[in-house]
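Just so it is clear, the values below take in all heavy atoms, side chains as well, and ignore hydrogens, waters and symmetry mates.
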Amino acid sequence: MIVITTPTGTIGKQALDHVLKAGESVCVIVSDPTGLALEGHKRVEVIKGSTDDAEVVNKAFAGASAVFWVVPLDEGADNLERHYYKFNKIAADAIKAQNVQRITA
């Protein structure tokens, strides 16, 4: 299974489309599942939540062979380094805990 983050964003949506066309099993983390295309609901395991929630990320990464990781944009972030660190620390911990072998970020 491949986990894709930000599946309703510009990059994540393209990744999801390509993975679905390849016939792979997919899990997405999304805060608002209504933003997914109707086809995505039928062919994708949806984990509702945020990628800055360690419990959500660990649940999604359990059993994953690969992860497509995108930190969501926050134009209002006071400190971009802190913003990216927060998300990537959660991902790194989950990758290690769930023994994910392949990551694209």
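Scanning both residues, A91 and F61, for their nearest heavy atoms gives O-CE2, 3.9 Å. Contact record, D78 with R82: CB-NH2, 4.4 Å, taken as the closest heavy-atom pair. When all heavy atoms of L73 and H83 are compared, the pair lying nearest together is C-NE2, 4.5 Å. For the residue pair S25 and M1, the shortest heavy atom distance occurs at OG-CA, 3.3 Å. The shortest heavy-atom contact between A94 and V57 is CB-CG1, 3.5 Å.
Interatomic distance, SG of C27 versus CD1 of I4, reported as 9.5 Å (0.5 Å rounding). The distance from the NZ atom of K89 to the CG atom of D52 is 14.5 Å, given to the nearest 0.5 Å. Atoms OG1 and CD1, on T5 and I47 in that order, are 13.0 Å from each other to the nearest 0.5 Å. The NZ atom of K59 lies 10.5 Å from the CD1 atom of I29; values are rounded to the nearest 0.5 Å. Expressed to the nearest 0.5 Å, how far CD of Q98 lies from CG of D93 amounts to 11.0 Å.
For the side chain to side chain donor-acceptor pair (under 3.5 Å) condition, the pairs that include at least one residue of residues 62-76, sequence neighbours left out, are W69-N88.
Taking hydrophobic clusters as Ile, Leu, Val, Met, Phe, Trp and Tyr residues chained together by side-chain heavy-atom distances below 4.5 Å, V70 shares a cluster with V46. Grouping the Ile, Leu, Val, Met, Phe, Trp and Tyr side chains by contacts below 4.5 angstrom, directly or via other members, places V71 with V100. Under a hydrophobic-cluster definition in which Ile, Leu, Val, Met, Phe, Trp and Tyr are linked whenever side-chain heavy atoms come within less than 4.5 Å, directly or via other members, Y84 and V67 are assigned to the same cluster. Under a hydrophobic clustering in which Ile, Leu, Val, Met, Phe, Trp and Tyr are joined whenever their side-chain heavy atoms come within less than 4.5 Å, directly or via other members, I2 and V44 fall into the same cluster. Under the 4.5 Å side-chain contact rule for hydrophobic residues, V19 and V30 share a cluster.
Side-chain atoms of I11 and F68, non-hydrogen and from C-beta on, do get closer than 4.5 Å to each other. Residues D32 and T8 form no side-chain contact, since every pair of their non-hydrogen atoms from C-beta on lies 4.5 Å or further apart. Residues I90 and T51 have side chains not in contact (no heavy-atom distance under 4.5 Å, counting atoms from C-beta outward).
When the salt bridge (Lys or Arg N to Asp or Glu O under 4.0 Å) test is applied to D53, no partner is found at least two apart in sequence or on another chain.
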